[in-house]
Amino acid sequence: MAHEHKLEIFRGLVKFKSNTSKIWGVLVFLTIVTLIEVVLGIYKPDFLMETWIDPIEGGFFATLGNIILSPFVYMKPLNLIFILLTIVKAYYITWDFMHMRDETGSLRKMVVWTGVFLICYLIFIMLQEGGYVFDVYNGEDALIKKDF
């Protein structure tokens with residue numbers, strides 16, 4: 001198609017003069033986000049390595065609260081930051097490089113929300129299974145010992 005693409009990012013906050021300069025601008029943004037992830041992954045600040053919320057003790061409602069808040073109760077803040085930055089990168093790659101901005105609203109919603117739900121489901125499954133494997137290897141009555 002011969003129509004022009006929109007040449008701004010961040011909802012019009014930054015505007016470019018050509019498609020080439022826009023590609024470079026998005027590339028610089030994605031590089032900065034990746035560098036933040038790499039620096040956090042190398043240094044792993046101590047305050048981000050401890051969970052900020054303790055599990056809620058009590059009966060049924062405490063269990064229900066722990067299930068609903070499980071991404072925040074059991075997850076280290078550093079992992080949450082990595083997940084959020086990865087979703088931001090995936091969003092901008094889809095939005096700008098795959099030209100989702102120029103599509104109709106219903107197609108954008110269908111593609112973006114399907115991806116969001118699948119990513120959230122994948123993250124939930126990985127965290128649940130990772131917690132189970134950690135408990136199997138590190139529990140007091142662990143049947144499997146580390147031999148590696």
Side-chain angles (χ1 to χ4, degrees), residues 1-139 144:
M1 296 227 139
H3 66 279
E4 289 292 319
H5 297 289
K6 297 177 182 169
L7 297 176
E8 68 267 349
I9 59 174
F10 305 123
R11 300 203 179 258
L13 188 62
V14 179
K15 295 181 182 178
F16 298 99
K17 295 182 181 184
S18 68
N19 282 332
T20 306
S21 63
K22 180 183 172 190
I23 289 171
W24 282 106
V26 172
L27 180 67
V28 166
F29 170 69
L30 293 174
T31 303
I32 290 170
V33 171
T34 303
L35 287 174
I36 291 170
E37 285 181 334
V38 168
V39 167
L40 285 174
I42 290 172
Y43 290 110
K44 295 181 186 169
D46 291 334
F47 70 97
L48 294 176
M49 293 299 292
E50 313 240 340
T51 56
W52 288 352
I53 301 174
D54 293 329
I56 304 166
E57 298 291 330
F60 173 75
F61 291 109
T63 304
L64 188 62
N66 284 334
I67 291 171
I68 292 171
L69 296 174
S70 64
F72 305 105
V73 171
Y74 300 108
M75 187 186 307
K76 295 176 184 171
L78 186 62
N79 290 345
L80 187 62
I81 290 171
F82 284 146
I83 290 168
L84 292 176
L85 289 177
T86 302
I87 290 172
V88 166
K89 287 194 311 188
Y91 171 79
Y92 269 98
I93 288 169
T94 304
W95 193 251
D96 284 319
F97 287 139
M98 298 173 72
H99 306 290
M100 264 302 152
R101 173 192 318 252
D102 302 323
E103 299 296 339
T104 61
S106 59
L107 178 65
R108 282 193 310 236
K109 289 174 189 167
M110 182 176 61
V111 170
V112 170
W113 284 112
T114 302
V116 166
F117 288 128
L118 288 175
I119 288 169
C120 289
Y121 179 67
L122 176 66
I123 290 168
F124 172 76
I125 293 297
M126 288 175 61
L127 289 173
Q128 291 299 318
E129 292 299 318
Y132 171 75
V133 170
F134 180 80
D135 289 341
V136 166
Y137 278 105
N138 296 314
I144 301 173

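- To the nearest 0.5 Å, the span separating CZ on R108 from OG1 on T94 amounts to 13.0 Å.
- With values rounded to the nearest 0.5 angstrom, L27 atom CG is found 10.0 Å from I93 atom CD1.
- Taking CD1 of I119 as the reference point, atom OG1 of T114 lies at 10.5 Å (rounded to 0.5 Å).
- Remark: M49 CE is packed, more than 12 non-hydrogen atoms of other residues, nucleotides or ligands lying under 6.0 Å away.
- Using a 4.5 Å heavy-atom threshold, the side chains of I36 and F82 count as separate.
- When all heavy atoms are compared, the tightest approach of L48 to P77 is O-CD, 3.4 Å.
- For the pair L84 and V88, the minimum side-chain heavy-atom distance is 4.5 Å or more.
- Here SG of C120 is found 5.5 Å from CD1 of I87. Values are rounded to the nearest 0.5 Å.
- Of the inter-residue distances, the one linking L85 atom CG with L80 atom CG reads 9.5 Å to the nearest 0.5 angstrom.
- In this view, E103 satisfies the salt bridge (Lys or Arg N to Asp or Glu O under 4.0 Å) rule with no residue, not counting sequence neighbours.
- M126 is listed as a side-chain neighbour of L122, based on a closest heavy-atom distance under 4.5 Å.
- Two residues are said to be in side-chain contact when any heavy atoms from C-beta on lie closer than 4.5 Å; E37 and T86 meet this criterion.
- Once rounded to the nearest 0.5 Å, the distance linking CG of L78 with CZ of F47 reads 9.0 Å.
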